[in-house]
Colleague: 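I have a structure I would like to understand better, so I am pasting it below and will then ask my questions one at a time.
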Amino acid sequence: FLPDSGGAGEFRGGLWQVFAIGSSEDQVFTISAPTFARLQNPPRGREGGSPVMKGNAGLSDGTPFTGKAVYRVPPGRRILLELPRGGGLGNPQNREIQKIEEDLEAGYISREGAKKDYGYGE
């Protein structure tokens, strides 16, 4: 999970999931990608909650995946997927202090994110 990637809210949204996918053999492989539209149109927040950042998909060398296609993955490279999850629900200023502290302890949010998104630690 990627810290600070869930939409801020009274009820925090889901954190991004990050995947690296490669071949166990030193050969080219392909991936058929039906669509990456959800990456470019991530979930919005509701009732005052924050949206989630846009996601990413591509190769480990920085080559992005865009649209529907079949992509070739060269030997030694990996597919990197950074998948957005849910936006926040409700005003972030209404999040319980205990929940913010639990998120910090679990590594779901950073100290900087707690301050920026929730006004925690000011």
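Worth saying up front: this structure is predicted, and the values here are computed from it rather than measured.
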Colleague: Please identify each residue that fulfils side-chain hydrogen bond (donor to acceptor under 3.5 Å, both in side chains) with S110, with sequence neighbours left out.
Modeller: D4, E112
Colleague: Just to verify, what does K99 make a side chain to side chain contact (heavy atoms under 4.5 Å, CB included) with, not counting sequence neighbours?
Modeller: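 By the side chain to side chain contact (heavy atoms under 4.5 Å, CB included) rule, K99 matches R95, E96, E102.
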Colleague: Would you say R77 and S60 make side-chain contact, with heavy atoms under 4.5 Å?
Modeller: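 Heavy-atom side-chain distance check passes, below 4.5 Å.
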Colleague: Would you say the side-chain atoms of S5 pair up with the backbone N or O of W16, donor to acceptor, closer than 3.5 Å?
Modeller: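 Checked: pair present.
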Colleague: Can you find a heavy atom in the side chain of R85 that is under 4.5 Å from one in the side chain of V52?
Modeller: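 No, side chains not in contact.
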Colleague: Which pair of non-hydrogen atoms, one from P84 and one from G55, has the smallest distance, and what is that distance?
Modeller: CD-CA, 3.8 Å
Colleague: Among Q93, K115, R111, which one satisfies side-chain contact (heavy atoms from CB on, under 4.5 Å) with Y120?
Modeller: R111
Colleague: Using 0.5 Å steps for rounding, measure from the CG atom of N91 to the OG atom of S50.
Modeller: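 So the CG of N91 and the OG of S50 are separated by 9.0 Å.
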Colleague: Under the side chain to side chain contact (heavy atoms under 4.5 Å, CB included) test, which residues partner T30, sequence neighbours left out?
Modeller: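 By the side chain to side chain contact (heavy atoms under 4.5 Å, CB included) rule, T30 matches V70, R72.
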Colleague: In the structure I gave you, are the side-chain heavy atoms of I79 and F29 within less than 4.5 Å of one another anywhere?
Modeller: yes
Colleague: What heavy-atom pair brings G76 and D26 nearest, and what distance separates the two atoms?
Modeller: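 Answer, listing the atom of G76 first, then D26: N-OD1, 4.0 Å.
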Colleague: Mind checking whether F19 and L83 have side chains closer than 4.5 Å, heavy atoms only?
Modeller: yes
Colleague: Is there a path from M53 to V18 through hydrophobic residues (I, L, V, M, F, W, Y) whose side chains come within less than 4.5 Å of each other?
Modeller: yes
Colleague: How many angstroms lie between CD in Q98 and CD in E105, if you round to the nearest 0.5 Å?
Modeller: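 That separation rounds to 10.5 Å.
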Colleague: Is it the case that over 12 heavy atoms from other parts of the model lie below 6.0 angstrom from the OH atom of Y108?
Modeller: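 Not buried by this count: 12 neighbours or fewer within 6.0 Å.
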Colleague: Grab the two heavy atoms, one from G87 and one from P43, that are nearest each other, plus how far apart they are.
Modeller: N-CB, 3.8 Å
Colleague: Should I31 and F65 count as side-chain neighbours, where that means a heavy-atom distance under 4.5 Å?
Modeller: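 I31 vs F65: side chains touch.
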Colleague: Find out whether L59 and P74 are in side-chain contact, i.e. whether some heavy atom of one side chain is under 4.5 Å from a heavy atom of the other.
Modeller: yes
Colleague: Under a 4.5 Å cut-off applied to non-hydrogen side-chain atoms, are V73 and R78 in contact?
Modeller: no
Colleague: Using every non-hydrogen atom in the two residues, find where L2 and L15 come nearest and quote the distance to one decimal.
Modeller: O-CD2, 3.8 Å
Colleague: Answer whether the closest heavy-atom distance between the side chains of R12 and I109 falls below 4.5 Å.
Modeller: yes
